Amino acid sequence: MNAHNEVAHRAAPYAHDRSSVNRIMLQVCLALTPATLYGFYLFGIPALLTFLSICLAAIATEALCLWLQGQSITRVQDASALLTGWLLAMSMPPWSPWWLCLGAGFFAIAIGKHIYGGIGQNVFNPAMLARVALLISFPVHMTTWVHIHPLGSESAPGLFQSLGIFLQLQPIPDGYTGATLLGAAKAAANGGGSIAELVATDYSLAQAFVGQTMGSLGETSELLVLAGGLWLLKNRVISWHIPVAMLVSTLLLAGLFYMVSHEQYLSPWYHLTSGGVMLGAFFIATDYVTSPSSATGKLIFGAGCGAVMYVIRAWGGFPEAVGFAVLFMNALTPLIDRILKPRAYGRDHRGNPIKNVSARKVS
Amino acid sequence: MFVATLVLTALGLLLGWLLGLAAKVFAVEENPIVNEVEALLPGSQCGQCGFPGCSAAAEAMVEGTAAVNCCPPGGRALTETLAELLNVDLNSLGDAPVPQLATIDDTLCTGCTKCYKACPTDAIVGATRQIHAVISKACTGCSKCKDVCPEDCISLNPEPVTLNNWHWTKPEAA
Amino acid sequence: MFSLPIRGSRGGVHPETKKDLTAERSILTQLPLPKKIYLPLSQHAGVESRPQVQVGDKVLKGQLVARSGGSLSANLHAPTSGTVVAIEPIVAPHPSGLPAVAIVIESDGEDQWMELPTLDDPLALSPDELADRVEEAGIVGMGGAIFPAAVKLRQGRRFEIKTLIINGSECEPYLTCDDRLMQERAEAIIDGTRMIRHIIEAYEVIIAIEDNKPDATAALRKAAAGHGMIEVRNVPTQYPMGSAKQLIQAVTGKEVPAGARSNDIGVLVHNVGTVFAIHQALRFGRPLISRIVTVSGGCVKSPHNVEALIGTPVREIIQACGGLNNTPARLLMGGPMMGQIIPSIDSPVIKGTTGVLALTKQEVNEHVPSPCIRCSRCVDACPMGLVPLEMAKHSKVDDFDNAQEYGLRDCILCGSCAYVCPSHIPLVQFFEYAKGEMKERRNSESKSEYTKRLTEQRNERVEREKAAKLAAKKAKKKKTSRKAESEESAES
Amino acid sequence: MDYLLLFISTVLVNNIVLVKFLGLCPLMGVSNNLSAAFGMGLATTFVLTLSALASWIIEHLLLVPLNIEFLRILSFILIIAAVVQFTEAVVRKTSPLLHKNLGVFLPLITTNCAVLGVALLNVREEYSLVQSLVFGMGSALGFSIVMVIFAGLRERIALANVPETFAGTPVSLITAGLLSLVFMGFSGMI
């Protein structure tokens with residue numbers, strides 16, 4: 001009678017598809033790889049250092065937190081910390097100093113994730129939380145955008161110079177930094193200048209799309225990010241609802257106001273190809289933990305991300321607002337999940353049994 | 001100074017009058033909560049809670065001197081209803097006493113009918129000089145029968161697990 | 001008669017079917033007679049049936065050995081001739097491994113049938129009489145639901161049934177018992193279908209088969225050709241298509257309202273196995289004493305479908321399939337999605353045993369669960385449109401009200417959610433736990449109400465008795481005082 | 001248009017809870033249950049709007065003409081207390097369940113610094129009657145929105161495996177801080 005109790009008891013099903021958390025995380029990392037490599041190419045060795053230090057900090061913090069909570073450190077293998085660090089690195093200024101990188105990785109994992117109990121428990125996207133916290137705390141460092149210096153070009157810094165910049169032993173050379181399109185547009189709008197003029201002189205849509213512009217480490221090439229996102233869609237790692245809703249709502253809102261005034265508002269196409277919209281839509285807003293679970297909920301969530309982002313970009317104090325928008329919608333996610341449950345079989349949308357009892361009783 | 005005092009007094013009087021009016025308009029008659037609690041309790045006056053009867057227990061629960069899970073016959077369901085009613089955090093409660101069932105050892109029973117008479121829910125069947133048996137469906141585990149049994153042949157045990165009431169345990173998973 | 005368009009049901013998963021292990025092999029019918037047969041008294045939905053034999057009695061094959069114990073209970077018959085050697089608790093074929101009382105019959109090797117009644121054409125008899133015979137034969141839902149078939153038929157008779165669906169979907173991986181049955185005994189199934197239709201007076205009959213069983217479809221189409229009103233229709237291959245609610249949706253496009261039965265929308269579903277058993281009972285008077293069982297899984301040497309007597313120990317039917325070539329990681333009754341582990345290889349086959357699976361570790365693919373990452377794959381997979389992740393989270397903290405609200409009340413425990421969960425969370429076990437706990441609470445609530453009523457009744461009675469006693473005492477007192485008075489007066 | 005801007009600014013940009021850090025007591029106290037938080041939001045909206053209006057009237061028709069501004073805080077609290085008492089009577093009559101859910105926090109709206117804060121800010125900013133009303137309603141709406149959002153978050157956190165050290169109020173406070181961080185995204189808009 002007792003022998004059977006020793007067998008690990010577990011209810012059905014006794015079958016499983018071959019999915020695992022680790023596999024999902026690594027798939028997302030793989031989808032990010034092309035854009036990341038391109039970022040290294042554009043911004044050279046300092047970018048690589050930024051990337052590595054953030055990822056390492058994230059993984060180390062994860063291990064530390066697991067150890068502190070008495071959990072198995074081998075759970076680092078689920079690669080979720082790597083992905084958080086990776087996404088964070090993608091959205092950081094490419095030549096960030098070492099302390100900013102370590103701090104970012106630590107904040108994302110420790111405050112963003114492990115305060116709530118680790119993987120799956122957090123309410124805000126850890127990567128965006130760290131980015132926003134740093135942006136508010138260190139506005140100068142977080143908006144130091146270097147011009148592109150492709151590997152092999154004359155202006156690209158060598159290994160020692162890169163290390164020097166990374167460790168802040170030497171300053172970033174004069175003339176290496178500038179304003180992004182969104183930043184310049186914001187300045188122009190605030191200063192009463194014409195955005196149309198600014199765009200016509202200094203910026204090109206095609207280059208913005210391909211990624212020949214300055215910006216965050218991995219966000220510049222919308223093309224490669226989009227490719228990675230589509231690959232994730234094809235592999236069913238993410239669903240189409242959030243990205244499509246977010247891009248469409250951005251496009252619609254930006255288009256509407258662009259029609260109102262070409263001078264005051266930036267063209268919707270620039271909105272889509274600048275900053276981290278693509279990265280946000282395909283990789284950040286789609287974070288499982290902090291986005292709604294039902295299809296309708298996802299649509300609303302995505303549309304909300306796009307709308308809040310546009311509102312902040314157009315009228316707020318920050319030129320680049322993907323982080324704020326995603327975090328704001330993260331805060332609304334529990335409500336969306338609660339209100340927009342999927343319709344259950346045999347029930348209407350409000351949860352009452354449907355009334356199609358059609359068979360008459362034979363008395 | 002005088003003006004200030006006057007203004008404040010006037011203000012106070014005015015607001016007080018308005019509130020008095022509101023209290024009349026929005027008056028509610030409430031059923032004293034003790035009655036509500038007592039109505040929920042099993043009412044078998046079994047005394048397993050340590051109080052002389054259900055109404056005493058209800059009073060103690062409302063006062064907060066008795067835990068809402070002190071009633072074994074009511075079980076978990078009653079505990080939850082009471083916790084909701086009295087606004088008690090379920091997690092703050094200790095382990096509840098397990099409901100018990102009486103069983104009569106038929107090798108020792110002499111059929112004296114003492115237990116039969118003591119049972120508050122008529123859960124014991126049998127007649128004089130016949131072996132008695134407990135209907136588990138009606139037994140609240142109050143142990144009144146055990147106390148009166150001269151042969152000491154009644155024992156109280158938690159309800160056994162059978163195929164009918166077995167269910168999967170909560171997984172330990174994250 | 002018009003047919004509604006097939007509307008794909010929502011959710012669902014596509015597990016590896018693994019049906020090729022047994023699908024091409026014909027059913028083994030001539031199994032060696034087991035020495036001992038174990039018939040648990042509870043092989044159906046309701047209460048235990050009551051034994052009608054005593055230890056030492058000789059029984060013949062097909063003889064009634066236990067009678068239905070209540071409205072949802074069923075009769076039990078001796079699967080072979082022999083002697084009743086015990087009526088005692090055995091380890092039940094149930095994951096709990098708890099004891100269940102069973103009638104143990106030692107076979108005498110003769111396998112001698114009792115005298116079977118000669119029957120008129122069942123189609124000429126009245127529906128009620130036929131339903132009685134189905135009940136007499138102890139037939140329960142053979143797809144694993146183990147709900148007494150006669151009860152279902154009688155319930156169906158109280159409604160206007162537009163569509164009778166014969167469920168040949170068999171969506172569980174590995175299982176091919178219905179598939180083989182349909183291929184090899186198509187005529188009998190069609191015959192049984194006609195009888196059921198006759199009983200419930202359905203307007204139309206649809207035999208629904210998943211489109212991964214072309215041979216069975218063809219066989220049934222051929223057998224049904226002569227009889228109008230029976231349509232053999234393919235439904236998409238998708239788990240859990242064999243679940244009545246999903247099948248009804250796929251075939252009729254209608255949903256069964258929550259809390260209602262399929263009867264209410266004029267549909268009745270019977271499994272092909274049940275149909276075959278009904279055919280046997282009504283055509284030949286044979287009670288339900290055997291069934292087709294799929295014996296499969298990576299640990300079985302030669303997987304086959306076998307026609308096994310009810311009560312045969314699992315060990316013996318595995319022996320008939322060449323035995324085990326490995327210690328199985330899991331030994332199951334039923335399919336891998338909704339089946340149950342059995343505590344011992346000596347557990348007997350019961351009426352609802354669709355399959356016996358001995359699965360390797362690799363096939364089961366169990367992992368230590370990790371926390372939920374809210375990927376909502378379970379939400380997409382749920383055929384009922386529920387939110388399994390929230391149901392599990394609330395069940396975990398015993399917040400059953402919210403678990404119900406997120407869908408526990410509608411959950412059919414199909415396991416689609418747990419199958420796709422990348423965190424390997426045992427979602428179904430959470431739901432089983434929550435449902436069990438809620439049942440316990442309901443029971444204790446109703447018991448509490450019951451005992452309360454008993455107390456009140458008792459108090460009333462005690463009061464009455466007291467009052468009566470008091471009255472009697474008074475009367476007596478009066479009498480004695482009068483007596484004393486009279487005595488007094490006599491004295492004076 | 002100005003009123004609309006004022007309204008939006010008080011709801012989002014200068015949110016009374018997350019930017020001005022007023023009314024944190026009910027934010028922590030009543031936000032563990034969504035329906036209670038919603039009810040609290042409604043009750044506070046009622047009180048805030050009414051007391052903003054009443055305090056303006058008292059200020060401009062009583063205190064200023066009689067030159068007794070030093071009684072401002074005292075008389076405002078008196079008004080607020082009366083409005084709260086009135087609200088409690090109404091809630092108890094109309095929704096006993098909500099009354100039970102809110103418990104002690106309903107009378108405690110009296111000491112909700114957001115209420116007094118709004119009344120005093122109205123005076124400091126020298127708002128007109130309509131502006132005071134808009135400001136009161138905007139603050140109340142902002143308060144309600146944050147209450148509801150926060151309650152949603154807390155219901156989720158209640159199910160999470162929060163480490164023991166942080167479980168309960170600590171993690172709630174951290175979350176409130178992070179939420180405030182998120183609302184900083186709206187800064188600079190107006």
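Order of the sequence lines fixes the chain letters, A, B, ..., with proteins taken first and strands second; residue numbering starts at 1 for each chain. Everything numeric in this text was worked out from a predicted model, so none of it was measured.
The environment of D:I73 atom CD1 is sparse: at most 12 non-hydrogen atoms of other residues, nucleotides or ligands sit within 6.0 angstrom. By the neighbour-count criterion of 12 heavy atoms within 6.0 Å, atom NE2 of D:H60 is densely surrounded, having more than that number from other residues, nucleotides or ligands. Applying the 6.0 Å contact sphere to CH2 of A:W67 captures no more than 12 heavy atoms from other residues, nucleotides or ligands. More than 12 heavy atoms of other residues, nucleotides or ligands shown are found within 6.0 angstrom of CZ on D:F7.
For the pair D:N161/A:Q69, no side-chain contact is recorded, criterion being any heavy-atom separation below 4.5 Å from C-beta on. Within the 4.5 Å cutoff, the side chain of A:L327 has no heavy atoms near those of the D:L178 side chain.
For the pair A:P334 and D:G152, the tightest heavy-atom approach, listed with the atom from each and the gap, is CB-O, 3.3 Å. D:I149 and A:A331 get closest at one heavy-atom pair: CG2-O, 3.6 Å. The two residues D:R156 and A:V289 come nearest to each other via the heavy atoms NH1-O, 3.9 Å. Among all heavy-atom pairs drawn from A:Y116 and D:A160, the shortest one is O-CB, 3.6 Å.
Proximity to chain A is absent for every atom of D:T165, based on heavy atoms less than 4.5 angstrom apart. Heavy atoms closer than 4.5 Å to chain D are found in the backbone of A:N330, but not in its side chain. Of the two parts of A:A314, neither the backbone nor the side chain holds a non-hydrogen atom closer than 4.5 Å to a non-hydrogen atom of chain D. Only the side chain of D:F183 comes within contact range of chain A, with heavy atoms under 4.5 Å apart.
For the atom pair CZ of A:F124 and OG1 of D:T175, the computed distance is 6.5 Å after rounding to the nearest 0.5 Å.
With D:L153 as reference, A:V123 is the one residue of A:L335, A:L332, A:V123 to meet the side-chain contact (heavy atoms from CB on, under 4.5 Å) rule.
Here D:P163 is the residue among D:A167, D:P163, D:A151 with the most heavy-atom pairs under 4.5 Å with chain A.
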Candidate pair A:I115 and D:V162, rule side-chain contact (heavy atoms from CB on, under 4.5 Å), full reasoning
CA-CA 7 Å; A:I115 290 269; D:V162 180; 5.6 Å; no
